[in-house]
Structures are given as structure tokens and as C-alpha cells.
Protein chains: 2
Amino acid sequence: MLNIQEIDADRLEMAASMLKAIAHPMRIAILKHLEGGKKLTVTEIHELLGIEQSTTSHHLGILKDKGVLCSRREGKNTYYYLKHDILSQIVDCLQRCTCE
Amino acid sequence: MLNIQEIDADRLEMAASMLKAIAHPMRIAILKHLEGGKKLTVTEIHELLGIEQSTTSHHLGILKDKGVLCSRREGKNTYYYLKHDILSQIVDCLQRCTCE
DNA sequence: TTAACAGATGCAAATATATGAATATTTAGT
DNA sequence: ACTAAATATTCATATATTTGCATCTGTTAA
């Protein structure tokens, strides 16, 4: 039996953890590369960003775990892509707000 | 002498720190209360959210420091308000993405 | 079945964040 | 000047996050 406040607290938690997942320079960079429905492998991302393979995998895992990304395995590769296209909005909004 | 990558890295850092400021359940709750140009005092927020005065002040300080909120002192009170109305977009977007 | 590639995971050290009690600062009223 | 109200700051503790090395798992091709 949940009351309104508990539901609200849960949704706040969920929203916060999703946002926390995004709130990292490398993870924002990942999202930028995935805008427009693009799908990239771990290796592609790790080379694009110039960071370690395992670090890349950790970041992607966090984004997937928090519902920001999805992944599909194809042979040896795992392709990652945005779960909700709308999320690009957040990146765009940030871009506008950090323009000054 | 900055090159493109450094500028980009700086903007990513800035975007991430702004987003990190927002990515906390209580701070998202604060933003919700400030949507539509509303201005609230520290005490009002601390009572609305049911958290300690000093904790509230910390949260507001973080949001202000990272460019999410502005504040204006009026007598004994300090009113806090959104710096960019656009930021409501982020909260709205989260709301849509955490609906499932 | 082995080798080689792609990705995930466990772990530890460094760093960052969150919270609240106590205290300091600022302002208004008397 | 004194007091009380509103807010900010300091500090300590608890907790979470980041990073990369080393290693493990899964997949393909020989």
C-alpha cells in the first residue's frame, strides 16, 4: 500500500538516478555520439573517446543499467544505442544553457 | 591557446557539472517547485521538502554554484529561482522517460 | 580445440558527494 | 546595543563514484 508521497519519492529517485547516469563528461560525449538513433560498439566508442576499454564498458553499463541505453549483441560486437530518443533533448538543453 | 578538443572538453565538463547538480532527488524536487518562474525562500523549501535547513541551504548553494539557480536577497529572506526557464525541459523529459 | 578478438566483471585506491550538528553571519525590529 | 529570525558556513562522518589493471566470459574462425 503506497501513498502519494512514496510514489513520488520513488519517481524522484528514478529520475535522479537516470540523470546521475548521464551527468558525467564522458557519458554525455557517448550520448552525443549516439544521437539520431546511431548504434556503436564498445570498441568504437572507446576509440572515439580515447578512454580505456574497461572504463568505456563501465560507463556503458551504468547508462544501460539506469535505462538510458539499450544494447544488442551481434557476433563479437555489442551495439549500444539510445533507449529514448527524447533524451537527446537533455543534451541539447545543456548545450544551450552552457553557451554563455 | 585552446584547441577544439579542449574547448569541447571544457563544455562537456560544464554540462556534466550542471547536470550533476540537478541529479539528486531533493534537488529535482526543488526544481519542480520553482517551475514557471516561482521564487521561494530557503525556509519555504526546507519546509516543503521536510529536510534540514542546513541541508537545504547546501543543496541550493550547489544549484546556484553550477548555474542552475539564481538568488536574490530581500531583507532576511533569500529567494531562489531558476536561471534558465528551459531547464524545466529536463525535468519534464525525465518525467516522460520514467513513466513506464 | 585452440587462438584471437570483443566485451564484461572484480577489485582496490583515489576522489567526490551527502548529511546534519554546531556555529557564524546578516538583517530587522525594539 | 540587544535579540531573534533567516540563511550560510564549517566540519566530520558516512557513503558513492571513478578509473584502470587483471582477469574472466563469450564468440568466431582456423
Side-chain angles (χ1 to χ4, degrees), chain A residues 9-10 12-31 33-34 38-83, chain B residues 9-10 12-31 33-34 38-83:
Chain A
D10 282 355
L12 279 178
E13 279 292 347
M14 207 182 302
S17 80
M18 187 172 235
L19 214 55
K20 214 182 292 183
I22 304 176
H24 182 288
M26 285 303 155
R27 298 200 293 261
I28 292 175
I30 291 172
L31 295 200
H33 284 292
L34 295 176
K38 259 168 282 176
K39 304 185 182 205
L40 295 174
T41 68
V42 180
T43 301
E44 286 169 332
I45 293 169
H46 122 72
E47 283 169 354
L48 275 168
L49 303 190
I51 59 179
E52 287 291 323
Q53 180 273 319
S54 87
T55 303
T56 309
S57 189
H58 280 307
H59 285 315
L60 291 169
I62 289 166
L63 287 167
K64 186 182 177 185
D65 185 51
K66 302 308 183 195
V68 180
L69 300 184
C70 291
S71 68
R72 181 200 328 259
R73 179 138 204 172
E74 285 181 24
K76 285 192 281 192
N77 303 303
T78 304
Y79 288 89
Y80 281 88
Y81 52 96
L82 283 179
K83 184 164 181 185
Chain B
D10 281 356
L12 280 176
E13 278 292 347
M14 208 183 301
S17 81
M18 187 172 236
L19 214 56
K20 215 182 290 184
I22 303 176
H24 183 289
M26 285 303 156
R27 297 201 290 260
I28 292 175
I30 290 173
L31 294 200
H33 284 292
L34 295 177
K38 260 169 279 176
K39 304 185 181 206
L40 296 175
T41 68
V42 179
T43 300
E44 285 170 331
I45 293 169
H46 123 72
E47 283 168 354
L48 275 168
L49 304 191
I51 59 180
E52 287 291 325
Q53 180 272 321
S54 88
T55 303
T56 309
S57 187
H58 281 307
H59 284 316
L60 291 169
I62 289 165
L63 287 167
K64 187 182 175 186
D65 186 50
K66 301 309 182 195
V68 180
L69 300 184
C70 291
S71 68
R72 180 194 335 252
R73 181 137 205 172
E74 285 182 22
K76 284 190 282 191
N77 301 303
T78 304
Y79 288 89
Y80 281 87
Y81 53 97
L82 284 178
K83 183 163 178 185

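Letters A, B, ... are given to chains in the order of the sequence lines, protein chains preceding strands, and every chain is numbered from 1.
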Visitor: Donor-acceptor pairs are to be reported for all side-chain atoms of residues 16-31 of chain B against protein atoms at under 3.5 Å, with residues two or more places apart or in another chain.
Guide:
unit_1 : atom_1 : unit_2 : atom_2 : d
B/S17  : OG     : B/M14  : O      : 3.2
B/H24  : ND1    : B/M26  : N      : 3.0
B/R27  : NE     : B/A21  : O      : 2.4
B/R27  : NH1    : B/H59  : ND1    : 3.1
B/R27  : NH2    : B/K20  : O      : 3.4
B/R27  : NH2    : B/A21  : O      : 3.3

Visitor: Could you give all pairs that pass the side-chain hydrogen bond (donor to acceptor under 3.5 Å, both in side chains) test and reach residues 67-80 of chain A, with sequence neighbours left out?
Guide: A/K64-A/S71
Visitor: Using a heavy-atom cut-off of 4.0 Å across all strands, would you classify B/T78 as base, sugar-phosphate, or nothing?
Guide: sugar-phosphate
Visitor: In whole Å, I'd like the distance from the NE2 atom of B/H46 to the P atom of D/dA5.
Guide: 13 Å
Visitor: Looking for any heavy atom pair under 4.0 Å, which part of the strands does B/T56 touch: base, sugar-phosphate only, or nothing?
Guide: nothing
Visitor: Using atom CD of B/Q53 as one end and atom C1' of D/dT10 as the other, report the distance to the nearest whole Å.
Guide: 13 Å
Visitor: Is B/N77 close enough to D/dA5 that one of its side-chain N or O atoms is under 4.0 Å from OP1 or OP2 there?
Guide: no
Visitor: How many angstroms lie between NE2 in A/H33 and CG in A/L48, if you round to the nearest 0.5 Å?
Guide: 4.5 Å
Visitor: Do the side chains of B/L49 and B/T55 get nearer than 4.5 Å, heavy atoms only?
Guide: no
Visitor: Please report, rounded to the nearest Å, how far the P atom of D/dT7 is from the NZ atom of B/K39.
Guide: 15 Å
Visitor: Using every non-hydrogen atom in the two residues, find where B/T41 and B/E44 come nearest and quote the distance to one decimal.
Guide: N-OE1, 2.8 Å
Visitor: Could you give the distance from NZ (B/K83) to CG (B/L34), rounded to the nearest 0.5 Å?
Guide: 15.0 Å
Visitor: Can you give the first and last nucleotides of DNA chain C, 5' to 3', that have an atom under 4.0 Å from a heavy atom of chain A?
Guide: C/dC5 to C/dG10
Visitor: List in chain and number order the residues that pass side-chain contact (heavy atoms from CB on, under 4.5 Å) with A/H58, two or more places apart in sequence or in another chain; answer none if no residue qualifies.
Guide: A/S54
Visitor: Nearest-nucleotide wise, let me know which of B/K76 and A/S54 is further upstream toward the 5' end of DNA chain D.
Guide: B/K76
Visitor: D/dT19 phosphate, OP1 or OP2: any side-chain N/O from A/T55 under 4.0 angstrom?
Guide: no
Visitor: At less than 4.0 Å, is any side-chain N or O atom of B/Y80 found next to OP1 or OP2 of D/dA8? Yes or no.
Guide: yes
Visitor: Provide the closest heavy-atom pair for B/Y81 versus B/K38 in the form atom of the first, atom of the second, distance.
Guide: CB-O, 3.6 Å
Visitor: Taking side-chain contact (heavy atoms from CB on, under 4.5 Å) as the test, write out the residues that go with B/D65, two or more places apart.
Guide: none
Visitor: Closest to the B/H58 side chain: D/dA22, D/dT9, D/dA8?
Guide: D/dT9
Visitor: Which residues in residues 59-73 of chain B have a heavy atom closer than 4.0 Å to any atom of DNA chain D?
Guide: none
Visitor: Can you tell me the distance, in whole Å, between the NE2 atom of B/H24 and the P atom of D/dA16?
Guide: 11 Å
